[in-house]
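Read the numbers this way: they start at 1 and go in the same order the structure lists the ligands and their atoms. Starting from 1, each residue takes its place in the sequence as its number.
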Amino acid sequence: MVNLGVLVSGSGSNLQAIIDNIEAGRLDAQIKIVISNIPDVYALDRAKKHGIPLMVIPHKGFKREEYDQKMVEALKANKVELVILAGFMRIITPVLLRAFPMKVMNIHPALLPAFPGTHVWQMEVDSGVKFAGCTVHFVDEGTDTGPIIIQAVVPVYDDDTADTLNARILKQEHKIFSQAIQLYAEGRLEIKGRRVLAKGFPKTPDSFMINPPARIFER
Ligand code: GRF
């Protein structure tokens, strides 16, 4: 059982997916505390509804490092082992990372290292890529640069907008974030340099996706 601290800034649909997987017995974790930097976000209502302790720690007036120190104190006081950034719209400093080394996970709505940063869906559509997706990674001192744990791939269609692509990616985020946490809980993740190895999975070397779908060259 892994003790989670979930940091949020918005709607909290990823938080909800984690709560649902825990309540369904699919995820061997408990959420010790949900912390938001913004009051009145919907993620806090979700936590309240499920009886999960919550805190608002507003960031205004604090230097990033000071803010992260407050965050570390709250996380440690609640016996958090793994910190989950579920739509937390703040840059994390080494103050938090040193207190939780390779124990901070983030979800990003793109196939990193492509498309780091914010508001990536329009960039994905405009770039003409045929596949997009999402990534769960350990957080390091860069922006969206930490070791990759798991990725999910979705097709990009000709009539996609940022919103339709976001919705397709978000569905997969809700699966892979819990899966990454469960792999951690089972002790199956091994970090080797930039690589995160997930032990005990069969290989599927013939699996593939083609977009637009392959037709005439099938054999
Ligand atoms: C998601 O798009 C996630 O990839 C990004 O922030 C958003 C969070 O959405 N990091 P929600 O608050 O979990 O609904």
Side-chain angles (χ1 to χ4, degrees), residues 4-23 27 29 31 33-50 52 54-59 68 71 82-93 96-97 100 103-127 129 131-156 160-182:
L4 307 178
V6 184
L7 310 191
V8 296
S9 301
S11 104
S13 70
N14 277 287
L15 167 66
Q16 187 68 54
I18 293 166
I19 293 171
D20 293 346
N21 281 320
I22 291 173
E23 289 185 352
L27 182 48
I31 303 177
I33 185 88
V34 170
I35 305 177
S36 174
N37 61 319
I38 300 173
D40 302 327
V41 290
Y42 190 53
L44 293 171
D45 294 341
R46 297 182 194 265
K48 208 179 292 168
K49 200 170 151 206
H50 291 266
I52 299 168
L54 56 93
M55 280 176 87
V56 177
I57 309 184
H59 59 267
D68 278 8
M71 199 67 102
L82 184 65
V83 181
I84 301 299
L85 307 185
F88 185 62
M89 301 305 286
R90 300 272 308 163
I91 290 171
I92 300 294
T93 72
L96 181 66
L97 296 176
F100 293 92
K103 289 186 187 306
V104 181
M105 281 187 191
N106 182 45
I107 189 141
H108 181 75
L111 293 173
L112 292 172
F115 303 108
T118 53
H119 301 101
V120 295
W121 308 282
Q122 191 64 52
M123 288 185 245
E124 290 174 303
V125 168
D126 292 344
S127 75
V129 290
F131 289 102
C134 45
T135 304
V136 179
H137 63 95
F138 286 115
V139 178
D140 67 7
E141 297 191 11
T143 302
D144 302 323
T145 54
I148 292 170
I149 302 165
I150 187 169
Q151 296 185 304
V153 177
V154 301
V156 181
D160 264 328
T161 62
D163 286 347
T164 58
L165 183 58
N166 180 2
R168 192 171 309 124
I169 292 171
L170 200 55
K171 270 194 193 172
Q172 301 308 316
E173 292 184 26
H174 296 161
K175 296 179 198 158
I176 68 169
F177 218 165
S178 290
Q179 188 167 338
I181 297 165
Q182 183 61 20

Can you pull every nitrogen or oxygen pair between ligand 1 and the protein closer than 3.5 angstrom?
{"from": "ligand 1", "atom 1": "4 (O)", "to": "Glu173", "atom 2": "OE1", "distance (Å)": "2.9"}
{"from": "ligand 1", "atom 1": "4 (O)", "to": "Glu173", "atom 2": "OE2", "distance (Å)": "3.0"}
{"from": "ligand 1", "atom 1": "10 (N)", "to": "Ile107", "atom 2": "O", "distance (Å)": "2.9"}
{"from": "ligand 1", "atom 1": "12 (O)", "to": "Gly12", "atom 2": "N", "distance (Å)": "2.8"}
{"from": "ligand 1", "atom 1": "13 (O)", "to": "Ser13", "atom 2": "N", "distance (Å)": "3.2"}
{"from": "ligand 1", "atom 1": "13 (O)", "to": "Asn14", "atom 2": "N", "distance (Å)": "2.8"}
{"from": "ligand 1", "atom 1": "13 (O)", "to": "Asn14", "atom 2": "ND2", "distance (Å)": "3.0"}
{"from": "ligand 1", "atom 1": "14 (O)", "to": "Ser11", "atom 2": "OG", "distance (Å)": "2.9"}
{"from": "ligand 1", "atom 1": "14 (O)", "to": "Ser13", "atom 2": "N", "distance (Å)": "2.8"}
{"from": "ligand 1", "atom 1": "14 (O)", "to": "Ser13", "atom 2": "OG", "distance (Å)": "2.6"}

Heavy-atom side-chain proximity of Asp144 to Asn106 below 4.5 angstrom: yes

Residue pair Val56 / Pro39, side-chain heavy-atom distance below 4.5 Å: yes

Test item: Asp68 and Arg90 side chains (from C-beta on) under 4.5 Å apart, heavy atoms: no

Close side-chain approach of Glu124 and Ile169, heavy atoms under 4.5 Å: yes

Close side-chain approach of Ile84 and Ile107, heavy atoms under 4.5 Å: no

Minimum side-chain heavy-atom gap Val104-Asp140 below 4.5 Å: no

